[in-house]
Amino acid sequence: MFDAQQDAIVWRGGGETLVVQAWGEGAVRVRSSLGDVEDTDWALLPQSDHTAAVTIDGDVATLTTGGLTVVARQTSGYDWQGGQDRFDCRLEFRDADGRLLFRELTSGGALKRDARRYEPLPGGGYRITLALEAPAEERLWGMGQYQDGVGDLKGSTLELAHRNSQASVPFLLSSAGYGFLWHCPAIGRATFAANRTEWVAEAADQIDYWVTADRTPAGIHRNYAGATGHAPMMPELGLGYWQCKLRYSTQEELLEVAREHKRRGLPLDVIVADFFHWPKMGDYRFDDEFWPDVRAMTDELKSLGVELMVSVWPQVSLESENFTELAERGLLARTNAGIDVQMWFQGPSRFLDVTNPRGRQWLWDTCRKNYADHGVRLYWLDEAEPEWGLYHPSAYRFHAGQALAVGNLYPQHFSRAFHDGQVEAGTDGVVNLVRCAWAGSQRYGALVWSGDIASTWESLRAQITAGIHIGVAGIPWFTTDIGGFYGGRVDDPAFHELLVRWFQVGTFLPVMRMHGDRAPSHPVVAADGSERQPSGAPNEVWSYGDEVYDILRDHLFLRESLRDYTRQAMAQAHEDGQPVMRGLFHGFPDDPVAWTITDQYLYGGDLLVAPVVEPGARSRRVYLPAGARWTDLTTGTEYEGGAWAEVDAPLEVIPVFARDDACRELIRAR
């Protein structure tokens with residue numbers, strides 16, 4: 001039976017409670033439970049008062065908020081095969097014009113199909129399935145970062161789980177005019193088939209999802225940011241160039257790279273001290289032998305206009321000076337059975353439990369004392385999935401629950417540990433590099449990079465679609481290891497070409513960051529003869545020969561010329577929830593071709609970037625969306641939208657086009 005509330009429809013039948021509640025203008029939250037629904041706050045912010053019209057007419061209840069209407073239809077009757085009365089309620093979602101967006105799976109008459117299915121698990125909880133019927137012709141983008149290079153997700157099945165280079169952020173944008181958040185951090189699966197959409201949680205207590213409707217992707221993003229949080233305003237240091245390699249092994253090596261940038265007159269905003277600058281994993285401090293005076297280092301860098309970023313891993317070695325305290329206080333993740341070891345990189349380790357508020361506080365207090373108090377402002381939150389030695393989530397548990405039920409929440413809380421501490425310490429504009437994210441991570445200053453990807457052309461192409469998808473999923477700050485993480489040799493001319501093309505893409509990413517484990521590597525040895533983590537080959541812009549250097553240098557200055565433009569795009573992300581790296585469909589949703597393009601993107605609202613992603617290519621075919629006039633920034637040639645164009649792309653040029661009369665100063669500069 002229905003119960004009409006001020007902003008919600010509540011239905012109860014057969015032991016199930018179903019709640020449809022206004023949750024933002026033009027948006028609703030739907031929860032279903034075999035009992036009372038829970039007010040979990042995994043990603044959604046608390047609701048504020050919003051206008052909702054609720055009516056009940058017999059077996060039909062309707063809730064309208066903004067441009068979204070939800071219709072609930074209840075049925076009841078005697079089930080002859082079951083021998084008792086059966087109670088059911090199904091939902092459908094319509095836009096402002098009454099057009100059906102999607103609906104819960106119908107029963108199919110004699111098929112007796114369930115839209116909401118609960119399969120009990122031993123010990124409590126359920127394996128849950130939500131089945132929906134959505135338009136077969138819709139185009140779908142979002143869901144975070146995957147490495148398969150697929151653009152339109154219709155027809156795909158995605159694992160709802162994090163891995164190194166995979167971030168599952170379960171928010172979806174449909175060309176039909178709706179956005180959908182699966183508000184459940186459980187490990188699971190999403191399938192977007194022609195005949196149905198299915199969301200599966202391997203262990204959960206309730207179904208929980210959020211829906212919004214709008215005529216444009218921009219409107220959907222605006223509503224979604226209002227529901228899950230806005231990114232901070234990117235500080236000025238995020239608009240320029242970040243330098244990194246695996247790994248600067250000493251304080252002097254890192255400082256000399258920064259000095260050389262300034263001697264050459266090259267822009268540099270951030271330089272990174274990568275992993276194993278510590279004595280033991282989990283010590284969360286610099287090794288005094290290799291980094292003797294951190295305050296002097298950060299002071300010199302600041303005098304050069306450069307900030308230091310330091311790597312922080314959530315693993316704690318069994319040999320760490322902090323291990324016994326953390327284990328005794330229950331601040332480490334647990335293994336459900338057997339020896340309690342969860343990762344074995346450079347020896348056995350366990351993960352800090354950042355789902356525990358006391359664990360987050362301990363982590364920040366320790367990093368504040370050993371890093372922030374010595375002038376460090378930025379943190380590189382690696383291994384944030386977390387990267388289990390074996391991806392068997394049923395083997396582990398956290399303070400917040402079994403990893404199977406809450407595991408996808410981990411990276412959001414990892415970012416939160418630093419964001420909350422930095423804000424409390426007075427940091428204005430938090431940005432931290434993190435290898436994974438979940439819904440809501442954006443409000444904690446999460447800059448996601450795409451993990452340990454290969455130095456291949458295929459991987460370069462995949463990063464373009466990954467960047468578009470994660471922006472759609474509400475994470476507006478994205479970057480990659482320019483050149484890929486592994487497989488690139490500093491002395492290989494074939495890699496030089498790939499690096500140049502990747503560097504060009506990086507110039508037009510939300511954050512431009514050089515990184516990679518370049519071969520050949522060299523050993524690092526302490527004074528006592530013990531070995532440390534090796535260091536890769538040089539990975540600076542001058543490390544690849546004069547021809548490459550000239551091109552990379554020019555793109556460094558091109559990035560500098562984009563500062564005002566990038567700042568405006570970052571303001572749109574902060575204030576209005578818009579991605580910085582956008583699919584063509586974001587600006588041109590009425591152009592059907594724009595929904596199919598996977599190797600081009602919009603940087604902000606006015607620049608169309610068409611990277612060269614094939615070896616040896618010196619031209620490429622570009623689609624210019626309908627509804628605008630486009631100007632080639634290199635040649636000044638103008639094109640009418642709604643057509644393909646073949647454009648020149650010599651090695652030193654990435655094709656970029658300005659929309660209508662925008663960015664005229666960039667055309668003059670090039």
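Computed from a predicted structure; not experimentally measured.
Residue-environment remark: CD (Gln6) stays at or below the threshold of 12 foreign heavy atoms within 6.0 Å. Atom CG of Asp57 is surrounded by 12 or fewer heavy atoms from other residues, nucleotides or ligands within 6.0 Å. Within a 6.0 Å radius of CD in Gln5, other residues, nucleotides and ligands contribute more than 12 heavy atoms. At most 12 heavy atoms of other shown residues, nucleotides or ligands fall within 6.0 angstrom of atom CG in Asp36. Heavy atoms from other residues, nucleotides or ligands lying under 6.0 Å from CZ of Arg99 number more than 12.
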Q. Stepwise, does the salt bridge (Lys or Arg N to Asp or Glu O under 4.0 Å) test hold for Glu640 with Arg629?
A. CA-CA 5 Å; Glu640 287 299 321; Arg629 186 179 69 259; 5.1 Å; no
**Q.** Residues Thr191, Thr157; criterion side chain to side chain donor-acceptor pair (under 3.5 Å); working and verdict
**A.** CA-CA 4 Å; Thr191 299; Thr157 293; 3.3 Å; yes
Q.
Please determine whether side-chain contact (heavy atoms from CB on, under 4.5 Å) holds for the pair Leu101 and Arg94, giving the CA-CA distance in whole Å, both sets of side-chain angles, and the decisive distance to 0.1 Å.
A. CA-CA 5 Å; Leu101 300 171; Arg94 296 183 177 273; 5.6 Å; no
Q: Take Arg620 and Asp599 through the test side-chain contact (heavy atoms from CB on, under 4.5 Å) and record every step on the way to the result.
A: CA-CA 11 Å; Arg620 69 153 292 169; Asp599 62 353; 3.2 Å; yes
Q: Take Leu584 and Gln600, measure what side-chain contact (heavy atoms from CB on, under 4.5 Å) needs, and give me the verdict at the end.
A: CA-CA 7 Å; Leu584 301 190; Gln600 303 172 209; 3.7 Å; yes
Q) What's the verdict on side-chain contact (heavy atoms from CB on, under 4.5 Å) for Tyr565 and Asp606, showing C-alpha distance, side-chain angles and the deciding distance? A) CA-CA 9 Å; Tyr565 179 85; Asp606 293 322; 3.8 Å; yes
Q: Go through the steps to decide whether Glu38 and Ser33 satisfy the test side chain to side chain donor-acceptor pair (under 3.5 Å), and finish with yes or no.
A: CA-CA 8 Å; Glu38 299 177 359; Ser33 174; over 6 Å; no
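Minimum interatomic distance between Ala213 and Gly67 (heavy atoms only, all atoms of both residues): CB-O, 3.9 Å. Between Ala439 and Tyr224 the shortest heavy-atom distance is CB-OH, 3.6 Å. Contact record, Pro589 with Gly587: CD-C, 3.5 Å, taken as the closest heavy-atom pair. The nearest pair of heavy atoms linking Trp502 to Thr480 is NE1-OG1, 2.9 Å. Closest heavy-atom contact between Ala626 and Asp591: N-OD2, 2.9 Å. Closest approach of Ser165 to Ile453, counting heavy atoms only: CB-CG2, 4.2 Å.
To the nearest 0.5 Å, atoms CH2 (Trp595) and CG (Asp152) are separated by 9.0 Å. Atoms OG1 and CD, on Thr106 and Glu92 in that order, are 11.0 Å from each other to the nearest 0.5 Å. Atom CD1 of Ile475 and atom CG of Leu447 lie 10.5 Å apart (nearest 0.5 Å). Atom-to-atom distance recorded for Tyr444:OH and Gln412:CD is 5.0 Å, nearest 0.5 angstrom. Atom CE of residue Met1 and atom CD1 of residue Ile56 lie 8.5 Å apart, to the nearest 0.5 angstrom. Atom CG of Leu140 and atom CG of Leu172 lie 4.5 Å apart (nearest 0.5 Å).
Here Arg113 pairs with Glu133 in a salt bridge; the nearest charged N to carboxylate O distance falls below 4.0 Å. A salt bridge is absent between Asp88 and Arg73; no separation between the charged side-chain nitrogens and carboxylate oxygens falls under 4.0 Å. Salt bridge absent: Arg222 and Asp214 never bring a charged side-chain N and a carboxylate O closer than 4.0 Å. Taking a cutoff of 4.0 Å between a charged side-chain nitrogen and a carboxylate oxygen, Arg163 and Glu387 do not qualify as a salt bridge.
Between Met570 and Val580, the closest side-chain pair of non-hydrogen atoms falls below 4.5 Å. Counting heavy atoms from C-beta on, the side chains of Thr465 and Arg461 never come closer than 4.5 Å. At a threshold of 4.5 Å between non-hydrogen side-chain atoms, the residues Phe2 and Ile9 count as touching. Contact check for Leu181 versus Leu44: side-chain heavy atoms found under the 4.5 Å cut-off. Residues Val609 and Ile654 are in side-chain contact: their nearest non-hydrogen atoms beyond the backbone lie under 4.5 Å apart. Looking at Trp182 and Phe171, their side chains never come closer than 4.5 Å, going by heavy atoms from C-beta outward. Here the side chains of Phe93 and Arg103 are not in contact, with every heavy-atom distance at 4.5 Å or above. For the pair Arg116 and Glu16, the minimum side-chain heavy-atom distance is below 4.5 Å.
For an aromatic pair to be called close, the ring centres must be under 6.0 Å apart, and Phe102 with Tyr178 satisfies this. Here the two rings, on Phe180 and Trp210, have centers that are 6.0 Å apart or farther.
In the model, Gln145 has no side-chain atom that pairs as donor or acceptor with a side-chain atom of Ser450 under 3.5 Å. Side-chain contact annotation: Thr631 with Tyr639, donor-acceptor N/O pair under 3.5 Å absent. Donor-acceptor pairing under 3.5 Å is recorded for the side chains of Asp481 and Trp449. Judged by distance alone, the side chains of Gln166 and Glu159 do bring a donor and an acceptor atom under 3.5 Å apart. Side chains of Arg90 and Gln74: no donor on one and acceptor on the other come within 3.5 Å. A donor-acceptor contact under 3.5 angstrom links the side chains of Thr228 and Gln442, judged on distance only.
When each of Asp7, Asp208, Asp39, Asp41 is tested with Arg29 by the rule salt bridge (Lys or Arg N to Asp or Glu O under 4.0 Å), just one qualifies, namely Asp208. Applying the side-chain contact (heavy atoms from CB on, under 4.5 Å) test between Val613 and each of Val505, Ile464, Thr598 identifies Ile464 as the sole match. For the ring pair (Phe, Tyr, Trp, His ring centres under 6.0 Å) with Trp630, the qualifying choice from Tyr623, Phe588, Phe657, Trp644 is Phe588, the only one to do so. For the pairing with Thr69, the side-chain hydrogen bond (donor to acceptor under 3.5 Å, both in side chains) check across Asp97, Thr64, Asp95 returns one residue only, Thr64. Across Lys154, Arg139, Glu138, a single residue satisfies side-chain hydrogen bond (donor to acceptor under 3.5 Å, both in side chains) together with Ser174, and that is Glu138.
Listed by chain and residue number, nothing satisfies the salt bridge (charged side-chain N to carboxylate O under 4.0 Å, His left out) test with Arg443 (two or more places apart in sequence, or in another chain).
Put simply, the side chain of Arg117 never gets that close to the backbone of Asp114: no donor and acceptor are under 3.5 Å apart. Side-chain atoms of His230 come within 3.5 Å of backbone N or O of His574 as a donor-acceptor pair. Without hydrogens or angle criteria, His162 side chain to Ser168 main chain gives a donor-acceptor distance under 3.5 Å.
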